[in-house]
Amino acid sequence: DTLNKKALKILIVKKDGNTVDISWRCAITAKPKSKKHELMSAMRSSIDSQIRQYRKDHYNDSCQICGNNERLDVDHDDTKNAAFAELVSNFIKEHNDIEIPDKFGELNDGTHRRRFLEKDADFKDKWVKYHNKHASFRMLCHTCNISRPKTKNKFVL
């Protein structure tokens, strides 16, 4: 997988040579990804440049929990009320006057993540600005990142 070198991904290769990604969970359950999952994926991919910049600026940091400096992830700092799901929830509440997108495109970077369509540029721009203003990042080693408690203030669609 492009995003996680230690992971595998499932692709359906069509007769015309095009590929479609499919989640192994969706394949097993025969249920598509939820609208919330699609929206959150587009919201995450739209702030990639902010995460890349933070990683670039903090490449010498170590894990803020255990001090490890191997396999570091950029984490939305939930100790500062800036967990990603909480930021999404607060953004939606504060911007209840704009329509929440429900259809998405796919990034062409090999990750098969969702992206906002051109018609939803206003939503995307407001989200990116909101995230830039309110997000707080920290570096965590992969183990601490996946084992930390998750926020209880989640976005509900």
Side-chain angles (χ1 to χ4, degrees), residues 1-52 54-55 63-66 68-79 81-93 95-96 98-121 123-124 126-128 130-131 134-157:
D1 182 30
T2 306
L3 289 177
N4 183 354
K5 301 293 183 202
K6 293 187 176 189
L8 299 174
K9 68 179 173 183
I10 301 171
L11 294 175
I12 296 172
V13 181
K14 295 183 173 184
K15 289 180 182 179
D16 65 4
N18 288 327
T19 60
V20 177
D21 70 311
I22 183 168
S23 157
W24 63 269
R25 285 186 193 195
C26 292
I28 291 169
T29 64
K31 293 179 183 173
K33 301 261 178 163
S34 69
K35 292 289 184 187
K36 176 185 172 185
H37 182 276
E38 299 279 305
L39 174 64
M40 298 284 275
S41 177
M43 292 177 90
R44 277 192 186 278
S45 68
S46 68
I47 51 100
D48 270 353
S49 62
Q50 294 174 28
I51 293 171
R52 279 194 309 275
Y54 185 85
R55 181 180 300 281
C63 177
Q64 289 188 12
I65 294 176
C66 74
N68 186 357
N69 60 1
E70 294 178 21
R71 199 171 174 207
L72 295 176
D73 297 334
V74 176
D75 176 52
H76 283 82
D77 193 345
D78 51 348
T79 65
N81 297 324
F84 184 76
E86 191 168 351
L87 290 170
V88 170
S89 181
N90 292 340
F91 172 77
I92 298 294
K93 286 176 191 169
H95 294 83
N96 59 2
I98 57 177
E99 188 176 336
I100 299 172
D102 61 355
K103 297 209 179 346
F104 306 91
E106 187 174 287
L107 289 175
N108 61 359
D109 62 357
T111 64
H112 299 280
R113 292 177 299 161
R114 300 300 168 246
R115 64 168 177 79
F116 290 109
L117 300 175
E118 287 299 319
K119 69 181 185 74
D120 298 312
F123 182 94
K124 176 188 173 186
K126 286 180 180 178
W127 161 245
V128 170
Y130 180 91
H131 183 272
H134 296 284
S136 178
F137 296 123
R138 62 183 174 174
M139 296 303 283
L140 295 183
C141 71
H142 187 70
T143 302
C144 287
N145 190 21
I146 62 171
S147 62
R148 68 176 171 71
K150 304 302 182 216
T151 183
K152 292 183 171 94
N153 181 12
K154 295 191 177 193
F155 166 61
V156 179
L157 184 61

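These figures come from a predicted structure and were not determined experimentally. In what follows, every heavy atom counts, from backbone to side chain, and hydrogens, waters and symmetry copies are set aside.
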Does the side chain of R114 reach to within under 4.5 Å of the side chain of L107, using non-hydrogen atoms? no
Would you compute the distance between atom CZ of R52 and atom CD1 of I47 and round it to the nearest 0.5 angstrom? 10.0 Å
Is the NZ atom of K31 crowded by more than 12 outside heavy atoms at less than 6.0 Å? no
Side chain of Y54, backbone of F137: donor and acceptor closer than 3.5 Å? yes
Is any side-chain heavy atom of V128 closer than 4.5 Å to a side-chain heavy atom of F116? no
Atom pair NE2/CD of H134 and E86 - distance to nearest 0.5 Å: 12.0 Å
What's the separation between atom CG in D73 and atom CD1 in I51, rounded to the nearest 0.5 Å? 10.5 Å
Ignoring hydrogens, what is the shortest heavy-atom contact between L87 and A82? Give both atom names and the distance. CD1-O, 3.4 Å
Side chains of T143 and N68, heavy atoms from C-beta outward: is any pair under 4.5 Å? no
Begin with the C-alpha distance, continue with both residues' side-chain angles, and end with the deciding distance and a verdict on side chain to side chain contact (heavy atoms under 4.5 Å, CB included) for E99 and K119. CA-CA 11 Å; E99 188 176 336; K119 69 181 185 74; 5.8 Å; no
Please report the shortest heavy-atom distance between D120 and K103, naming the atom on each side. OD2-O, 4.0 Å
Check: S41 and R44 side chains under 4.5 Å, non-hydrogen atoms: no
Is it true that E106 and R115 have a side-chain N and a carboxylate O under 4.0 angstrom from each other? no
Please determine whether the number of non-hydrogen atoms from other residues, nucleotides or ligands lying under 6.0 Å from atom CG of N108 exceeds 12. no
List the steps and the verdict of side chain to side chain contact (heavy atoms under 4.5 Å, CB included) for V74 and M139. CA-CA 5 Å; V74 176; M139 296 303 283; 3.7 Å; yes
Reported CG-to-CD1 distance for the pair L140 and I146, which is rounded to 0.5 angstrom: 11.5 Å
Which word best sums up how the rings of Y130 and W127 line up, parallel for under 30°, tilted for 30 to 60°, or perpendicular for over 60°? parallel
Using 0.5 Å steps for rounding, measure from the CG atom of D75 to the CZ atom of R138. 4.5 Å
Please report the shortest heavy-atom distance between A85 and M40, naming the atom on each side. CA-CE, 4.2 Å
Do F123 and M43 have side chains that approach each other closer than 4.5 Å (heavy atoms only, starting at C-beta)? yes
About how many Å separate NZ of K126 and CD1 of I98, when rounded to the nearest 0.5 Å? 5.0 Å
Check ion pair R55-D48 (N to O, under 4.0 angstrom): no
